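Please read all numbers here as calculations on a predicted model, not as lab measurements.
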Amino acid sequence: ADVNALRGAGVAESAVVDAAGNTQDLLTVLDGGGDELLALGEPGRGSELHAFFDRYLFPADAVSVAEASGEYSCYEVVGEAAGSLLADALGSELPHPLPANG
């Protein structure tokens, strides 16, 4: 995924592959605001993915990886009324429009 294109509430799908090209996980990557990105993977794999990414970081990269499983919950709301349902649940308008189904 082109993470630079995510600035401003972007979302991208990405595959995590090892050095041999084997798929380790499929991620949904979201702009976390500022310099942060949030990567959503398969439930229960946070520690494993954290270790995987941590192996490939170098101090000069100025990048850090943290497992945030305990800080977030993820829900999926789909359908034409998803935006209005979310706005009602939050008690306010959504900060960014939802992408249209293509």
Side-chain angles (χ1 to χ4, degrees):
D2 180 4
V3 295
N4 292 318
L6 298 178
R7 298 296 171 216
V11 178
E13 301 297 323
S14 183
V16 178
V17 296
D18 63 18
N22 299 309
T23 301
Q24 300 299 305
D25 208 333
L26 300 174
L27 303 178
T28 300
V29 184
L30 302 104
D31 179 4
D35 290 335
E36 294 184 3
L37 296 172
L38 179 63
L40 305 175
E42 289 296 316
R45 300 222 33 219
S47 295
E48 186 178 343
L49 284 170
H50 177 270
F52 179 85
F53 284 119
D54 203 42
R55 275 194 302 263
Y56 296 100
L57 292 178
F58 296 96
D61 289 337
V63 172
S64 63
V65 176
E67 183 186 349
S69 298
E71 299 174 40
Y72 295 93
S73 294
C74 183
Y75 300 94
E76 187 170 352
V77 181
V78 296
E80 291 182 23
S84 61
L85 288 172
L86 285 172
D88 290 346
L90 295 171
S92 66
E93 291 296 317
L94 298 178
H96 305 286
L98 296 177
N101 283 339

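- The two residues E67 and H50 make their nearest non-hydrogen contact at N-CD2, 3.6 Å.
- The minimum heavy-atom distance linking S69 with G46 is given by the pair OG-CA, 4.1 Å.
- A distance of 6.5 Å separates CG of L37 from CG of D31, quoted to the nearest 0.5 Å.
- The closest side-chain heavy-atom distance from L38 to E36 is not below 4.5 Å.
- When L26, L27, T28 are each tested for a side chain to side chain contact (heavy atoms under 4.5 Å, CB included) with L40, only one passes: T28.
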Just do the side-chain contact (heavy atoms from CB on, under 4.5 Å) check on V65 and L57 with the steps written out, would you? CA-CA 9 Å; V65 176; L57 292 178; 3.3 Å; yes
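- Residues meeting the ring pair (Phe, Tyr, Trp, His ring centres under 6.0 Å) test with Y56, sequence neighbours left out: F52.
- In this view, D35 satisfies the side-chain contact (heavy atoms from CB on, under 4.5 Å) rule with no residue, not counting sequence neighbours.
- Between D25 and L49 the shortest side-chain heavy-atom distance falls below 4.5 Å.
- Under a 4.0 Å N-O distance rule, the pair E48/R45 qualifies as a salt bridge.
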